[in-house]
Amino acid sequence: MNVVSICEELRDPGLSHPELVERLDRAAKLNGVSVLGTGCNPGGLMDTLRVVVSGLTTRVESIAIRRTADMSRYGAILAKFGLGLSPDEFLARRDMGRVRGHVGFAQSIAAIARGLEWTLDKIEVDAAEPDIVAAEDRQGDGRNWSDRGDRTLPWGRGR
């Protein structure tokens, strides 16, 4: 069975899991199927759209992207973003690997670089930091959630 997934890390899997890429590639070839990672971010809004729009100019020196998302409808994955946690809880869970923030920034940066034919020396994604948006708790999914989430600063540097 061919696989199409919105898993962020499948967009450019060699960046974060090269050993797993080899296993998936071998298994897919052995079974005559394919594995494709695609989606909105990475795959559309944060990378492909930027490359397409850059075609309207003759030179691109840098690209800045600000991602803001309303996570109120996502229930099960809210904990991954640290929503509803105090800043201390956020940092403790982040340090245990239980709060990760958005996955896929490195893949989007790599896709933009490829699309613009840039050579990057480095792609770095800073650890998620607590970002407090609202002072009051809100109702959602039958629970109280505060609008505390994450802020992550990814970047790529090259020539």
Side-chain angles (χ1 to χ4, degrees), residues 1-55 60 62-85 89-91 93-131 133 140-143 145 147-158:
M1 175 186 304
N2 292 306
V3 175
V4 177
S5 174
I6 61 169
C7 173
E8 293 94 340
E9 292 165 306
L10 273 177
R11 173 72 160 102
D12 200 335
L15 285 175
S16 50
H17 305 289
E19 67 291 338
L20 184 57
V21 171
E22 286 184 38
R23 287 178 46 210
L24 284 172
D25 188 54
R26 260 194 319 273
K29 287 176 180 173
L30 183 66
N31 291 285
V33 297
S34 61
V35 178
L36 172 67
T38 187
C40 185
N41 292 317
L45 297 176
M46 285 180 54
D47 42 65
T48 305
L49 177 64
R50 273 49 183 187
V51 172
V52 169
V53 171
S54 74
V60 178
S62 68
I63 293 179
I65 300 166
R66 182 178 175 141
R67 178 181 187 265
T68 304
D70 176 0
M71 302 303 292
S72 62
R73 301 174 304 163
Y74 289 91
I77 67 167
L78 293 178
K80 162 182 140 169
F81 294 98
L83 291 167
L85 302 177
E89 291 172 307
F90 182 103
L91 295 172
R93 290 186 187 189
R94 180 200 66 194
D95 293 345
M96 292 186 294
R98 293 177 53 203
V99 170
R100 295 181 61 198
H102 175 67
V103 177
F105 287 124
Q107 288 77 6
S108 287
I109 292 169
I112 290 169
R114 272 192 312 276
L116 295 176
E117 298 179 345
W118 288 352
T119 300
L120 297 182
D121 299 321
K122 183 178 197 176
I123 295 176
E124 187 168 311
V125 179
D126 294 343
E129 293 292 334
D131 192 25
V133 177
D141 284 350
R143 296 174 280 187
W145 291 99
D147 279 343
R148 294 182 184 108
D150 72 273
R151 180 183 69 247
T152 309
L153 302 173
W155 56 273
R157 177 175 294 149

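Below, all heavy atoms of this structure are taken into account, side chains as well, without hydrogens, waters or symmetry copies.
Listed by chain and residue number, Asn2 satisfy the side chain to side chain contact (heavy atoms under 4.5 Å, CB included) test with Ser34 (two or more places apart in sequence, or in another chain). With sequence neighbours left out, Arg94 forms a side chain to side chain donor-acceptor pair (under 3.5 Å) with Glu129. A search for side chain to side chain contact (heavy atoms under 4.5 Å, CB included) contacts involving Ala110 returns Asp12, Leu15, Arg114, Ile123, not counting sequence neighbours. In terms of the side chain to side chain donor-acceptor pair (under 3.5 Å) criterion, Arg93 has no residue partners (sequence neighbours excluded). Evaluation of the side chain to side chain contact (heavy atoms under 4.5 Å, CB included) rule for Glu89 yields Leu85, Ser86 as partners, not counting sequence neighbours. Under the rule for a side chain to side chain donor-acceptor pair (under 3.5 Å), Ser54 has no partner lying at least two apart in sequence or in another chain. Applying the side chain to side chain donor-acceptor pair (under 3.5 Å) criterion to Asn31, with sequence neighbours excluded, gives no partner residue. Under the rule for a side chain to side chain contact (heavy atoms under 4.5 Å, CB included), the partners of Ala28 that lie at least two apart in sequence or sit in another chain are Val33, Val35.
Residue Arg50 comes nearest to Ile63 through the heavy atom pair CG-CG2, 3.8 Å, listed as atom of the first residue, atom of the second, then distance. In this structure, Trp118 and Val60 approach most closely via the heavy-atom pair CZ2-O, 3.3 Å.
A distance of 11.0 Å separates CG of Asp25 from CG of Leu30, quoted to the nearest 0.5 Å. The structure places CD1 of Ile109 at 12.0 Å from NZ of Lys122, a figure rounded to the nearest 0.5 Å.
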Residue pair Leu24, Val3: steps toward the side-chain contact (heavy atoms from CB on, under 4.5 Å) verdict: CA-CA 11 Å; Leu24 284 172; Val3 175; over 6 Å; no
